[in-house]
Q: 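The structure under discussion is supplied below as structure tokens; questions concerning it will follow.
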Amino acid sequence: MNGRQSAPQRICLLGATGSIGRSTLDVIARHPQRFEVSVLTACSNVDEMARLCRVHRPELAVMADANAGGLLAKAIADIPETEVMVGDKAIAQAAAMSDIDIVVAGIVGSVGLAPCLAAVQAGKRVLLANKEPLVVAGELLMAEARRCGADLLPIDSEHNGIFQLLPADYTPGLQSSGVERLTLTASGGPFRRRDPGTFATITPQEACRHPNWSMGEKISVDSASMMNKGLEVIEAARFFGIEADRVDVVVHPQSLVHALVQYRDGSMLAQMGNPDMRTPIAHALAWPQRIEAGVKALDLVAVGQLDFEAPDEARFPCLALARQALASGQAATAALNGANEMAVAAFLRGELRFDRLATVIEQTLAAMDHAVASGLEALIAHEREAKRQASVFIAEWSR
Ligand code: NAD
Ligand code: MG
């Protein structure tokens, strides 16, 4: 389809006030004939949402928080074309609306699962930044995408890189495509070289100061603990339908090589670029075409050197915890995600030490029986139970 000749594609942006939301709106603004913002959703940031509504004039704005929705309706009462709705259900309904072409999933956390699923079941093109739904129920989400004919495209940078590197006829199962292994790179986060003896005193501010990427608080803490890479190994295994032991992680502090694919014949292909989420977002918005994203080309001579090293799993135990959960199955990864969400939130509130993030997750995983049914409701209930369980351990540690 040529977006420049036909009507603009209509976009529903979930998590419009966040970091992914901001990058997406920047790319869209570069292509007004091609894309149009139809729906914006957010949690509670009324001021930013009101500002975005003034700029983009969407047909619908949804706030998850009911009180925030009331305030937004007042704040934009002078914009008659924008209807305001509230609540989680309204967000999921918006993602499945018949006049929407593309849904950008930029909500943080497993709360994004319901709207992702709704968008997939409505057969939309879905750009998935929100990795937690894949960690909680990825096999189901992927199966629904196949069943409903949805284009589910990864925009997490590493997974988008892999997607770009795989052959066009790639199908999960690998053998026929000649793909042997996938590699995700990791920056190593802000504490790659910090003395682990001082991890107990790490502040939320220090953890959120990522060396290469500017992102929301939760993913910044995940990057600092390297749980982000653990979640991404699960995401890659589920998204590309590949065994966990064929997904490698290598630390690459410059964050210029995002992903690599090893082929049977000895070739290793790399996807590179400046660390800027607008590249994967533009790639997936226009796929299979290529559009301008506002990102400068990489200057290899100026870069000079690329470094790679093995991840230090003793320093960052979350990576091994994620691999263990992946080996145990979907219920265990749902529990891992729930425990991590609670632990990170407690750390950000100043109620849990940084070095206890992994402890709480490990305690939660050990306290639960993961041999449960694999249906959606069971997985959601299992994650909820993990959150409850984790909050008990968090309360014990904060005493
Ligand atoms: P962020 O915190 O900057 O933004 C989160 C967005 O989600 C906000 O718009 C917020 O209003 C919305 N939100 C939060 N809680 C909600 C709720 N209960 N209901 C509805 N909406 C809610 O986060 P981010 O950095 O943009 O990350 C978003 C997702 O994308 C995460 O899953 C993250 O792991 C993933 N991701 C982000 C980046 C990045 O560069 N920021 C890169 C790769 C993947
Ligand atoms: Mg990533």
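Order of appearance sets the numbers: ligands from 1, and atoms from 1 within every ligand. All residue numbers refer to positions in the sequence shown, counting from 1. Note that the structure is a prediction, hence the values are computed from the model and not measured.
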Q: Which atoms of ligand 1 are found less than 4.0 Å from any heavy atom of Ala16?
A: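 In order of numbering, the contacting atoms are 9 (O).
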Q: To which of Pro280, Ser223, Ala129, Gly109 does the heavy atom nearest atom 30 (O) of ligand 1 belong?
A: Ala129
Q: Indicate yes or no for a side-chain donor-acceptor contact from Thr183 to the backbone of Ala259 under 3.5 Å, with no hydrogens or angles considered.
A: no
Q: Hey, is ligand 1 close enough to Gly15 that some N/O pair sits below 3.5 Å?
A: yes
Q: Is it the case that the side chains of Arg353 and Thr359 hold a donor-acceptor pair, with the cut-off being a distance below 3.5 Å and no angle test?
A: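 No, no side-chain donor-acceptor contact under 3.5 Å.
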Q: Is there at least one pair of N or O atoms, one from Ile20 and one from ligand 1, spaced under 3.5 Å apart?
A: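 Such a contact does occur with ligand 1.
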Q: Are there over 12 heavy-atom neighbours, none belonging to Glu362, within less than 6.0 Å of that residue's CD?
A: no
Q: Considering non-hydrogen atoms of the protein only, which is the closest contact for atom 42 (C) of ligand 1, and what is the distance?
A: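 It is Met277 CE, 3.5 Å.
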Q: Using heavy atoms and a threshold below 4.0 Å, how should the contact between Glu132 and ligand 1 be classified: side chain, backbone, both, or neither?
A: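 For Glu132, only side-chain atoms sit under 4.0 Å from ligand 1.
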Q: Please confirm whether Glu217 comes within less than 3.5 Å of ligand 1 when only nitrogen or oxygen atoms on both sides are compared.
A: no
Q: Would Phe239 and His159 count as a close aromatic pair, with their ring centres under 6.0 Å?
A: no
Q: For the backbone of Asp245 and the side chain of Glu243, can you confirm whether one donor and one acceptor N or O come within less than 3.5 Å of each other?
A: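 Here the side-chain-to-backbone pair does not exist.
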Q: Is there a side-chain hydrogen bond (donor to acceptor under 3.5 Å, both in side chains) between Asn45 and Thr17 once you walk through the steps?
A: CA-CA 7 Å; Asn45 187 342; Thr17 55; 5.1 Å; no
Q: Which option out of Ser157, Gly216, Ser110 puts a heavy atom nearest to atom 25 (O) of ligand 1?
A: Gly216
Q: Is Lys131 reaching over with its side chain to a backbone N or O of Gly109, donor-acceptor style, under 3.5 angstrom?
A: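 Between the backbone of Gly109 and the side chain of Lys131 there is no qualifying donor-acceptor contact (under 3.5 Å).
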Q: Could you check whether the rings of Phe199 and Phe316 sit parallel, tilted or perpendicular, using 30° and 60° as the cut-offs?
A: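 Phe199 and Phe316: tilted rings.
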Q: Please state which protein non-hydrogen atom is closest to atom 3 (O) of ligand 1 and give its distance, to 0.1 Å?
A: Ser19 N, 2.9 Å
Q: Indicate, as side chain, backbone, both or neither, the part of Thr17 found under 4.0 angstrom from ligand 1 when only non-hydrogen atoms are considered.
A: both
Q: Need the ligand 1 atom indices (1-based, order shown) with element for anything under 4.0 Å from a heavy-atom of Gly106.
A: 5 (C), 6 (C), 7 (O), 28 (C)
Q: Going by the order shown, which atoms of ligand 1 are within less than 4.0 Å of some heavy atom of Val111?
A: 17 (C), 18 (N)
Q: For the Mg ion (ligand 2), find the closest N/O/S atom belonging to Asp156 and write down its atom name.
A: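 Per the distance ranking, Asp156 contributes OD1 as its closest N/O/S atom to the Mg ion (ligand 2).
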Q: Compute the shortest N/O to N/O distance between Ser44 and ligand 1 and return yes if it is under 3.5 Å, no if not.
A: no
Q: Which is closest to atom 33 (C) of ligand 1 by heavy-atom distance: Ile219, Leu231, Leu134, Thr24?
A: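 Of the listed residues, Ile219 has the closest heavy atom.
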Q: With heavy atoms only and a cut-off of under 4.0 Å, state how Met215 meets ligand 1: side chain, backbone, both or neither.
A: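 The answer is both, backbone and side chain.
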Q: Determine whether any heavy atom of Lys131 lies closer than 4.0 Å to an atom of ligand 1.
A: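 Yes.
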Q: For a 4.5 angstrom cut-off between non-hydrogen side-chain atoms, does Val233 reach Val249?
A: yes
Q: Main chain of Asp307, side chain of Gln254: is a donor-acceptor contact present, judged purely on distance under 3.5 Å?
A: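 The answer is yes, because a donor-acceptor pair under 3.5 Å joins these two groups.
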Q: Could Arg323 and Glu232 be called an ion pair, given the rule that one side-chain N must be under 4.0 Å from one carboxylate O?
A: no
Q: Using a strict cut-off of 4.0 Å, indicate which atoms of ligand 1 neighbour a heavy atom of Asp156.
A: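 Those qualifying, in numeric order: 43 (C), 44 (C).
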Q: Under 3.5 Å between some N or O of ligand 1 and some N or O of Gly18?
A: yes
Q: Students should be able to answer this: which protein heavy-atom is nearest to atom 5 (C) of ligand 1, and at what distance?
A: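 Answer for atom 5 (C) of ligand 1: Val108 CG1, 3.7 Å.
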Q: Nearest protein heavy atom to atom 29 (C) of ligand 1, by residue and atom, and its distance?
A: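 The protein heavy atom lying closest is Ile107 O, 3.4 Å.
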Q: Check this for me, if you would: do Asp222 and Lys218 make a salt bridge, where the nitrogen-to-carboxylate-oxygen distance has to be below 4.0 angstrom?
A: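 Lys218 and Asp222: salt-bridged.
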Q: For Ala314, does its backbone N or O pair with a side-chain atom of Asp312 as donor and acceptor, under 3.5 Å?
A: yes
Q: Among the N, O or S atoms of Glu232, which one sits nearest to the Mg ion (ligand 2)?
A: OE2
Q: Using a 4.0 Å cutoff against the non-hydrogen atoms of Ala64, which atoms of ligand 1 qualify?
A: 19 (N), 20 (C)
Q: Return the name of the atom in Glu158, of element N, O or S, nearest to the Mg ion (ligand 2).
A: OE1
Q: Could you walk me through whether His370 and His382 pass the ring pair (Phe, Tyr, Trp, His ring centres under 6.0 Å) test, one step at a time?
A: CA-CA 8 Å; His370 305 293; His382 199 66; 5.1 Å; yes
Q: On a heavy-atom basis, I'd like to know which of Gly112, Cys43, Ala42 is closest to atom 13 (N) of ligand 1.
A: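 Closest candidate by heavy-atom distance is Cys43.
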Q: Should the pair Phe354 and Phe347 be assigned to parallel (<30°), tilted (30 to 60°) or perpendicular (>60°) ring geometry?
A: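 Because their plane-to-plane angle is over 60°, the rings of Phe354 and Phe347 count as perpendicular.
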